[in-house]
Amino acid sequence: MTGTTQAARHDWNLTPAEAIQLQRELAGRVRMDRLLRPPETVAGLDVAFGPGRSHVYAVVAVYRLTPLELIDRSVAVLPVTFPYVPGLLSFREAPALLAALEQLAVRPDCLLVDGHGYAHPRRFGLACHLGVLLEMPSVGCAKSVLVGQYEEPTPERGEWTPLRDGDEVVGAAVRTRSGVRPVFVSVGHLVDLASAIQITLAASSGKYRIPEPLREADRLSRMLAREGDPRLAQRYSRVVRSRTSRRHGPAPDYRSDVTTTARGTSARRRPARRKSKR
DNA sequence: GCGACAG
DNA sequence: ATCTTGTCGC
């Protein structure tokens, strides 16, 4: 899949009302019925915001599952152009994450996203959005619930209970580490819930609540965001990538099909019209 | 009208 | 998410 999907591209310069309509349309493309052969590599995706919340620092951390180890990383920084609105996270974070994915040296078998997938008001959270645009398997892994209710799973790592929104099972509360709060897993795209849970557990060491790929993406994005220098952050990603790819040999090229650029310096025609609260 | 509300 | 000090526990 190297820039061959035409349908998987759209404008990000939308109003909240337009964004909601787009989600309703794209939600029809989510596929959670396909069986997934066990992935060998999983990419953790997360973002952090720089000083004044002016820029989004996106990081992708690719891990091999056995053994669980970091094999590649990439960074992208873009100006913030959309407010934080529960249910519309994609329009604030996805452009930067897609830009980071484009700079990756290796193509991961699956995406593990910091946020929900199907467990969303319109069944189209950030993980679904990325999976559908890239046409690749993705899993949503959030630290708190957006929609739905669940019963506490027993304390042992590996245990889980369904997350239900009305009669529908939209995800699962998964215990990635014994004795701590569960994480909330849901289908992103091209995986079923059982696989999504397995992938989340496989990416978790058991020493921390957050799966390793997401911990690393979170750690690096926050570190770079604190520096507050977009240009330096992007340069840093190149250094890291050449370093890791040198040790593991040449990696297959990665190309996404999205129109976003890695350097996003051009001003949007329709900038964020209000600041997020809280 | 009053909460709830991924990051 | 980000802003922040100390504190409880392995």
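All figures in this text were calculated on a predicted structure; none of them were measured in a lab.
- Closest approach of His120(A) to Val147(A), counting heavy atoms only: N-CG2, 3.6 Å.
- For Tyr84(A) and dA1(C), the ring-to-base geometry does not satisfy the stacking test (centroid distance below 5.5 Å, interplanar angle below 30°).
- The phosphate of dA1(C) (OP1 or OP2) has no side-chain N or O of Arg92(A) nearer than 4.0 angstrom.
- Between the C1' atom of dA1(C) and the OH atom of Tyr57(A) lies a distance of 14 Å, rounded to the nearest Å.
- Contact annotation: Lys143(A) does not reach the phosphate of dA6(B) (side-chain N/O to OP1 or OP2, under 4.0 Å).
- Separating the CZ atom of Arg122(A) from the P atom of dC5(B) is a distance of 16 Å, rounded to the nearest angstrom.
- The nearest whole Å value for the distance from the NE2 atom in His120(A) to the C1' atom in dA4(B) is 14 Å.
- Contacts of Gly140(A) with the nucleic acid, taken as non-hydrogen atoms under 4.0 Å apart, are absent.
- Here dA1(C) presents its P atom at 7 Å from CG of Asp114(A), a figure rounded to the nearest Å.
- Distances shorter than 4.0 Å separate none of the side-chain N or O atoms of Ser144(A) from OP1 or OP2 on dC5(B).
- Atom P of nucleotide dA6(B) and atom CG of Leu130(A) are separated by 18 Å, given to the nearest angstrom.
- Distance, Leu88(A) CG to dA4(B) P: 20 Å, rounded to whole Å.
- Salt-bridge formation is not detected for the pair Glu151(A)/Arg164(A): no Lys NZ or Arg NE/NH1/NH2 atom is positioned less than 4.0 Å from an Asp or Glu carboxylate oxygen.
- Put simply, CZ on Phe91(A) is 18 Å from P on dG7(B), counting in whole angstrom units.
- Judged by a 6.0 Å distance limit and a 45° cone about the ring axis, Arg92(A) is not positioned over the six-membered ring of Phe82(A).
- Ionic pairing of Arg215(A) and Asp46(A) is not present here: no N-O contact between side-chain nitrogen and carboxylate oxygen is shorter than 4.0 angstrom.
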